[in-house]
Every structure is written in C-alpha cells, then in structure tokens.
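Structure record follows, encoded as structure tokens.
Here is the naming used below: chain letters follow the sequence lines, and residue numbers restart at 1 for every chain.
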Amino acid sequence: MSEREGQTSYDVHAVEAKWLPVWERLDPFRASDDAVVSGEREKRYALTMFPYPSGDLHMGHAEVFALHDVIARYWRFRGYEVLNPMGWDSFGLPAENAAIRNDEHPATYTYANIDTQFHSMKRYATSVDWSRRLHTSDPEYYRWTQWLFLKLREQGMAYRKNSPVNWCPRDQTVLANEQVLADGTCERCGAEVTKRELTQWFFRTTAYAQELYDCLDDLQDSWIGKVVNAQRSWIGRSEGAHVTFDVDGHDPITVFTTRPDTLFGTTFMVVAVDAKLAEELVTDEQRAEFETYRDEIRKASDIDRLATDRPKTGVFLGVHATNPLTGERIPVWATDYVLADYGTGAVMGVPGGDQRDWEFATTMDLPIVRTTEPPADWDGEAFNGEGPAINSPADGVTSALDINGLSVAEAKAATIAHLESIGHGEGTVNFRLRDWLLSRQRYWGAPIPVIHCPVDGEVPVPEDQLPVELPELRGADLKPKGTSPLGAAEEWVNVTCPTCGGPAKRDTDTMDTFVDSSWYFFRYLSPHDDTQAFDSALAEAWGPIDLYIGGDEHAVLHLLYARFFTKVLRDAGLITWDEPFAAYLSQGKVINNGRKMSKSLGNGVDLGAQLDEFGVDAVRLTLVFASPPEDNIDWADMSPAGSLRFLQRAWRLSGDVESAPGADPAAGDAALRKVTHRTVREAEQLVEAYRFNVVVARTMELVNATRKAIDSGPGGADPAVREAAEVVARLLSLVAPYTAEEMWERLGHEPSVASASWPEVDESLLVEDTVTCVVQVQGKVRATLEVSPDATDEQLTELALAEPNVQRAIDGAEVRRVIVRAPKLVNVVV
RNA sequence: GCCGGGAUGGCGGAAUCGGCAGACGCGAUGGUCUCAAAAACCAUUGUCCGAAAGGGCGUGCGGGUUCAAGUCCCGCUCCCGGCACCA
C-alpha cells in the first residue's frame, strides 16, 4: 500500500452524497445573461434534446447527457459564459394512454415522472443551469406555443384545408408525413397508417423548402453528414420544367418533368387515378371503366401501392393532348403509378427514357421513341443516361426546335428556352416536402387557439385570453373515439365569438407535440417571462445554439421543424439568424448484446441499477470512453467495473502528492511536465473535435505517467507530480465530476473544480529535445534513431547508414536514393 | 434503384497532413501479496517461423499511383442509415 493515508479506494456513494449538497449551494452553472449581453464574456449555448417524461431516465439519456456535459464543462473552463439548460417535452400520448388505463389525469403521470427524472438528473451531475427548467405542458409554456401558432397564422404560415391525410387507427389521430415510416406504419406505435379525407391545420413548411434545402450546404461541415443527407432526401429538390399540353375540349394540363429534353419522345400522358384531374378529364364513354379501376385502386392498401415491382395498370380516359413541340396528338391515360400529390399529379409518358413509362407503354401497346442515343452495347430498355439527343423531330413530323446531337444538359436548356418562347412551359424546381400537418385529435397537447364562428368564420383567440387552458378531463373521457376528446367538454367548447359576441365553438384539436419542441430553445432564454415568448435581445446574444446533441430518430422530424420555426420567426422580425443549430452531433444508441434494448427481448439494462453498482462517474466514463459519440454502444462489450478501477487509480494520485498546493512546477521533473502539457494541448484539440473517447484515453495515459513518476521516478514530493495530478482532476471533471471534486479537495483546493481555471499550456514544454527517427529500407522499418529535432538531412543519412541492421538489410546493394523527412524519417532505396 | 456512411487483434476502439498499424481500455494468460479470495501490483498478449537475434505476413476483396498506402485513385463484396413507381 503505497498510498499515504492508507486508502486504496473511496466510497462511490459516500462521495456522491457528499458533493451534491455542496454543488447545490455553490450553483456554479448558472448562466449570466448580463455577461453575454454586455459582451463581457463570449457565449456558448450547449443544448441536448430534452427528454419526454416516460418513467425514469434510461441508458440513452445517460449517454447523451454525458457526452453533452463534456463540451459544456470544457467551454466553461475555457472562459465562455455557457448556457446549458434543461427541461421536459411533457405533452404527448404515453401520458394520455396511461391516464386512460389508470383513470387519472395525464398530468399526474407526467409530473410524477418529471420529478423522478429530475432527481436522477441531479444525481447524474451534469452542468445544467436549473433555474431555466421548463415543461412544455405548463400553461405558462403552452400559452406561448399558442401565441406562436397565431403569429405563424398571421404570417400566412398556418392554414386549414381539406385533404387526404394520414390516419393512425391505433392512436386515433392524424399524423404528419414525417411521422409515417417508409413502410407505411406509425412512427410512434407501429400501426399501419391509413388515409382519411379531413379538414386539418397545416404549417406551410413548403414555403421554406428552397431555403431549408439551400442552408444545408452551410451546415454540411458542422452537422453530422448522415443527418444533412437525410434532410436533403426528405426535402427532395429536383430541377426540371413545367410543360403545358393543350387538351381536346379541356383546359390545358401542366406536367412536371426533370427531362424536358425527352419531350419529343412523349407518346402518351398519364394522370394519377386518384387525382381530381382524372375525374374531370374522363369522357362519358370511358367513365364506367375508369370508375371501376379507380375503386379497385382505392381498396388496395398503401403498403401494396408502395411496391415498385407490380405490373403497370391503367385506363384510357378517352381524351387526347397535343405535344407542344410537334403538334402530335397523344392519348391521356389514368394510372396508379403517378402520385396525385407530387408535382401536378400528371406526367408526360416517355417510354424511351423512363423505365416505368417503358413498362406502361409495353403493357398498353403504346409507341416507343428514343430521344437519347444509348451506348452501342446498350441492352436495357428505357435509357436515361448521358448521350446525344436524337429524333428531334422524328421522321415525318415538324418542329421549330431541333436539338439533335446536343448533350442532355444542352438539350434540356434548349428545350426549356423554346417552351418559354412559345408559352408552353418554363424551367422550375419541384420539392418532395409537404406541408406539416399539425392538428391532433388527442387531449394532452396545446389546444389550437382558434374559435369557429358561424358568422365570422375562423377567429383567433385574442392574445390577452391566452393561454387557452385544457379543460379538466381524465380517465375514460380521454378514450380515443376518432374525434378530439376536447369536443366532449361542452362548457369549454362553447364560447362567444370574440368578434361578434355570438355563440361560437373552440377548435377542439390540439397541436402536434413537435410544435412544442420547435421553439423550446428560445424559451430557455427567458423561461419565466410572462410578457413575451422570448426576449429578442437575449436571442441575439445567446443564439444560435453552438452545439446540439440528440438522437438520429429526429434527423428529419424535430430538426426540420425547428429549422422551419426559426426561419419563420426570423421573417417575423423576432430574431436575425437563419439556422437554430450551428453544429449538430448525433449520439449512437445504447444496445445490449447486439440488439436494441426492449422489454420483449428482456435485455434491458436499468440505468439506476448500473448507477447503484458502479456509481455515476463510472457509468458516465464508460459511455464516453466506449466509442466516438455517433457510434452505437453495446453495453455487453463494456466494462463499467474497469472504468471504476481507473477512477480509483486516478483518485489515488491525489493522495500521493506530497508537495504543498502552489508548489512551483517549474522546479519539477521535466519529462513528466512535458507529458502533462502535451496532454492538455491534445485534450483541447480533441474536445473541440468532439473526440471525447480519445480525451479519456489521453487522460488515462497521463494517469499512468504520473503513477510511474511517483513509484519509480522523481517521487510524490516532486512538484511536477502535483501539476500532473491537478491536470488529471480537471480533465477528469469533464466526465467524472465526483471523483474530480474529491481529488481537487485532497489536493488542497476549494470546491468546485468546475470553477477552477483551465491549465495553461507552457508552449516551451511542447518542444521535444529528442525525437524518434524511423529508418526504413525499401519502405520497411529496420531501425529507429533518437535524434535532435533539428538534425539535418545529411546527419540523419549518415546515422541511418551506420546502423548495422540497416546495412544488413541493404546487403551490399547499391544505394540509389535516400529520402529524408527530417527529423522523423529516413527511407533508403536500393 | 438513387444518395450518404462504414469494414482495423478475441472485444470496444487509436492512428484523417501519405511516413513505426494496433494508442488507451476490456478480456485472457502467467506471476507477486494472501490460509484463501477480492482488490492492488508486475509481466506477456495481431499472426506465422525461430531457443534467441531476427525475419515473413497483416487494416473486407482485386488492381493501380508512390521511395512509402489503413490513409490517395480505379473496380468489386458485404454491413448500416436515408429516400424511393417523386416523373
């Protein structure tokens, strides 16, 4: 037992109990608005996605909070004023479903869980400013959610329309497109989503499609790539043209195409069978056949319709359109392979250039004309690759436009120019993104603050009457019945119209909970302000968020909505910046034994049990050290016990330091000092690059080096050992605050280590007096030399060739060339 | 099908300026201490040949560029994620 006080370990739980009240008293993480507004200190806004209060915190929370705290604490050390707030996304279905099961109010479940999570978070000891705590289900919060809804409505960004919408039969509510997974199931509960024709509220996200897309370029480097990619795909920008076809006995039809250059190969037109347009076009002779086909398609589920390998089907509508370039008449068909709600719901059929059109043409026996010359060895069907334009115009047809021989890009440009000149089309951009459906037919959300009056129509609730508080409903009253439970609260529903004073009814839908979370990061700036949603001056001072960390499940949903809100608020004049999250990092999942943790698999790992067994610090350390932040962590591969061993080893250093606090490190062992200062510099670079796992590795190396210095080097009395131990305490505090605090105290300092200053790097100690020079022969390492960092090429060559091992490798051959990269490398070529 | 990311020891992962592959940790093996165990500490740990010195091979596969390739280029395989009858 080399340790001075005879202790080889500390009691994890005693240490937790000891420091929590001290930190409570010191409150070192409170963010000062004044320091930032006055410009006294530079700001950093660190944000992690706030939790939904279902039960207690789990391993996933533990990971994201631990990762997030590294950067937040680091920024604080570096002298920034750090805003690190926390709250709860506390509206939502799990609470409502629990309330129905237990015949209680959703608030009971919600606030009990918040309380549980709050205490777990306190124990978890992240550097949060708790004075800014908020819950989205508080009337003080949703009052401003409602205010923002009205603001968006004022901006023309919230509107009501009747349309086919996604309906989840299990949750008994409509869903946004973003909440329906690729396989047609509900993102929340997994039920198969169906369609309903309903009048619903939408946010006009499509108005910002272009900007939401373009700004991704600026985020490319500071956001994790897969999320930028996901958003790009979701917004789905495609460049092309609108082309207008005259139709016999009908208004002209406009189609969207990305390949206007293939217009000469258009041999038919196809309209989505479920679009209104199809119904308008169909002739009386064809109507019966059309309706039979349409009804058949309507019966098929979305799942079936999504399959891409089904044979092409369709019905001729009896009308003809005219190709604007050639005057040729082409038949108009209805089909289910054209989508009613993308583009114009109608497509020009170019079988030579589009595989789907090829299959349709083959099935329906329609002509096929190629417009791009395929390569000589082409043995496919439709060809949509690069090649010279052909058949413009085809034999026997005339056109004012001839693009033969042009490349695809040239042919597109020429065709668009021509269409514009004859008034039959224009270059345009189309997006896949749809407007955000925000109404929900459920109870536990923010009521939509609108009154429907038979005289005045849609009337916004006057600002001074906000919030529109939820009526007291509980248990069975909340049972989903396909319409909003709020409709049953008659006293609440029936109101007088704010405009005419006559009888009117409240809107009975509540808002999607993603509305609540689209602006919470603004509310953190002034969470107790009862005069406004947020303070624009504070938004100016603190925004945008410098680093946001969260899960991939929100790669599209929440991040897209928050970006949209930010842009609308900017255009409403409330803020000046364009994007809410300057940098985004996604955390991987914590899994167990190769599988997602789940009740049915019985492989869940209980966070509380892990904390009880290994302590907060060891669990945090394990999660941070496991892998780069964005990778998944398989808990079965991890060793929290090993983490605890390391923490004890680090802690023991603080008991072996024999010099007094303030001892001058300059007098200490130079070798250890070099390691210490190099470690600090590397840690700075690594934290800033979010490579937190490597920061831990470097800290471990410093602990090892310090241990060696104590046991078999200059000994515990050397001031360099104190310097090293004090650096370890501060590096460790990024991940293991309890252990670090305990070390800091044993080293003779006042708490809190979090308020200590960051170790200053002595640049002179980063200069090595010798470096290892690798000597290769034919690229293979044959020897290493310890040389001065300013050794010359000539010196190195001479030393290298003098090595017996090098001579043996050369084996008498003629040295043809010696490559020297002084002072690190010599390569002898024979 | 299109777009993005990845593949490194028994395991998690280091090495992103083209310059010692496997840092750090886990696990394993042997040892010290102990009545014993735990903890702690010491040693070994990519693989093959060799008693050793030393050498061969080695970053998913096949080519290439280079004095030098995990890293750059070309062509594949597989895995993960996003989008998908989106015209």
Checklist entry - Taking only residues two or more places apart in sequence, or in another chain, which ones meet A:Glu178 in a side-chain hydrogen bond (donor to acceptor under 3.5 Å, both in side chains)? => result A:Trp234, A:Tyr561
Checklist entry - Does a side-chain N or O from A:Arg808 land closer than 4.0 Å to OP1 or OP2 of B:rA53, or not? => result no
Checklist entry - What is the distance, rounded to the nearest whole Å, between atom OH of A:Tyr342 and atom P of B:rA84? => result 11 Å
Checklist outcome for this item: For B:rG81, the nucleotide meeting Watson-Crick or G-U wobble distances (both under 3.5 Å) is B:rC3
Checklist entry - Could you state the CZ-P distance from A:Arg698 to B:rG25, rounded to the nearest angstrom? => result 11 Å
Checklist entry - Rounding to the closest angstrom, what is the interatomic distance between B:rC26 and B:rC17 at atom C1'? => result 32 Å
Checklist outcome for this item: For B:rU71, the nucleotide meeting Watson-Crick or G-U wobble distances (both under 3.5 Å) is none
Checklist entry - Starting at CD1 of A:Ile224 and ending at P of B:rG81, how long is that distance when rounded to a whole Å? => result 15 Å
Checklist entry - Picking from B:rA87, B:rC85, B:rA14, which would you name as closest to the side chain of A:Asp336? => result B:rC85
Just the atom pairs and distances: protein N or O near nucleotides 1-3 of chain B's N or O, under 3.5 Å.
unit_1: B:rC3; atom_1: O2'; unit_2: A:Asn229; atom_2: OD1; d: 3.0
unit_1: B:rC3; atom_1: O2; unit_2: A:Asn229; atom_2: ND2; d: 3.3

Checklist entry - Considering only B:rG12, B:rG25, B:rC85, which nucleotide approaches the side chain of A:Tyr337 most closely? => result B:rC85
Next on the checklist: Taking pairing as Watson-Crick or G-U wobble with both contacts under 3.5 Å, can you name the mate of B:rA51, or confirm there isn't one?
Outcome noted: none
Item to check | B:rA87 phosphate, OP1 or OP2, under 4.0 Å from A:Ser238 side-chain N/O | outcome: yes
Checklist entry - Using atom P of each nucleotide, how far apart are B:rG70 and B:rA21 to the nearest Å? => result 8 Å
Checklist entry - Which of the following nucleotides, B:rG13, B:rG25, B:rA23, is nearest to the side chain of A:Glu701? => result B:rA23
Item to check | Chi angles and distances behind the ring pair (Phe, Tyr, Trp, His ring centres under 6.0 Å) call for A:Phe360, A:Phe268 | outcome: CA-CA 10 Å; A:Phe360 189 77; A:Phe268 59 95; 5.3 Å; yes
Checklist entry - Which part of the nucleic acid, if any, lies within reach of A:Asp634 when heavy atoms closer than 4.0 Å are counted: base, sugar-phosphate only, or nothing? => result nothing
Checklist entry - Between B:rC42 atom C1' and A:Lys708 atom NZ, what is the distance in whole Å? => result 11 Å
Next on the checklist: Just the rounded figure in Å: distance from C1' of B:rG55 to CG of A:Asp811.
Outcome noted: 13 Å
Next on the checklist: Looking at B:rG13, which nucleotide sits across from it as a Watson-Crick or G-U wobble partner, both distances under 3.5 angstrom, or is there none?
Outcome noted: none
Checklist entry - Using the P atom in both, what is the distance from B:rC24 to B:rG46, to the nearest Å? => result 12 Å
Checklist entry - Should we count CD of A:Glu798 as having more than 12 external heavy atoms under 6.0 Å? => result no
Checklist entry - Contact class for A:Arg237 (heavy atom, under 4.0 Å): base, sugar-phosphate, or nothing? => result nothing
Next on the checklist: Nearest to the side chain of A:Ser627, heavy atoms from C-beta on, is which of B:rG12, B:rA87, B:rG55?
Outcome noted: B:rG12
Item to check | Mate of B:rC41 where both pairing distances stay under 3.5 Å, Watson-Crick or G-U | outcome: B:rG31
Checklist entry - Where is the tightest heavy-atom contact between A:Leu212 and A:Arg563, given as atom of each residue plus distance? => result O-NH2, 2.7 Å
Item to check | Selection from B:rA21, B:rC24, B:rG56 that lies nearest to any side-chain heavy atom of A:Lys780 | outcome: B:rG56
Checklist entry - Any side-chain heavy atom of A:Tyr342 within less than 4.5 Å of one from A:Arg434? => result yes
Next on the checklist: By the 4.0 Å heavy-atom rule, please label A:Asn704 as base, sugar-phosphate, or nothing.
Outcome noted: sugar-phosphate
Checklist entry - NA contact type, A:Ala230, heavy-atom cut-off 4.0 Å: base, sugar-phosphate, or nothing? => result sugar-phosphate
Checklist entry - Taking CZ from A:Phe646 and P from B:rA39, how many angstroms apart are they, rounded to a whole number? => result 18 Å
Checklist entry - Should B:rG18 form a Watson-Crick or G-U wobble pair with both distances under 3.5 Å, which nucleotide is its partner? => result none
Checklist outcome for this item: Looking only at B:rC24, B:rG55, B:rA40, the nucleotide nearest the A:Arg652 side chain is B:rA40
Next on the checklist: Need one value for A:Asn430: base, sugar-phosphate or nothing, where a base atom within 4.0 Å counts as base even if backbone is also close, heavy atoms only.
Outcome noted: nothing
Next on the checklist: Between B:rG9 and B:rU59, how many Å separate the two C1' atoms, rounded to a whole number?
Outcome noted: 10 Å
Checklist entry - Would A:Thr772 and A:Glu786 count as a side chain to side chain donor-acceptor pair (under 3.5 Å) if you check the C-alpha gap in whole Å, the side-chain angles of each, and the deciding distance to 0.1 Å? => result CA-CA 5 Å; A:Thr772 304; A:Glu786 285 303 312; 2.8 Å; yes
Checklist entry - B:rA87 and B:rG19: how far apart are their P atoms, nearest whole angstrom? => result 42 Å
Item to check | Residue-level proximity of residues 814-830 of chain A to RNA chain B when a heavy atom falls under 4.0 Å | outcome: A:Arg817, A:Ile819, A:Arg821, A:Leu825, A:Asn827, A:Val829
Checklist entry - Picking from B:rC26, B:rC83, B:rC20, which would you name as closest to the side chain of A:Arg645? => result B:rC26
Item to check | side chain to side chain donor-acceptor pair (under 3.5 Å) assessment of A:Gln220 paired with A:Arg232 | outcome: CA-CA 11 Å; A:Gln220 187 80 50; A:Arg232 273 216 184 92; 2.9 Å; yes
Item to check | Whole-Å P distance, B:rG22 and B:rC73 | outcome: 25 Å
Checklist entry - In Watson-Crick or G-U wobble terms, both distances under 3.5 Å, what is the partner of B:rA23? => result none
Next on the checklist: What contact category does A:Val781 fall into here, base, sugar-phosphate, or nothing, at under 4.0 angstrom with non-hydrogen atoms?
Outcome noted: sugar-phosphate
Item to check | Atom C1', compared across B:rU77 and B:rC85: separation rounded to whole Å | outcome: 29 Å
Checklist entry - Reckon A:Thr699 touches a base, only the sugar-phosphate, or nothing at all at heavy-atom distances under 4.0 Å? => result nothing
Next on the checklist: A side-chain contact here means heavy atoms from C-beta on lying under 4.5 Å apart; do A:Phe625 and A:Met700 qualify?
Outcome noted: yes
Next on the checklist: Applying a 4.0 Å non-hydrogen cut-off, can you work out what A:Met638 is touching in the nucleic acid: base, sugar-phosphate, or nothing?
Outcome noted: sugar-phosphate
Next on the checklist: For the P atoms, the ones on B:rG27 and on B:rC11, what distance do you get once it is rounded to whole angstrom?
Outcome noted: 15 Å
Checklist outcome for this item: Atom CG of A:Asp552 and atom P of B:rG82 are separated, to the nearest Å, by 9 Å
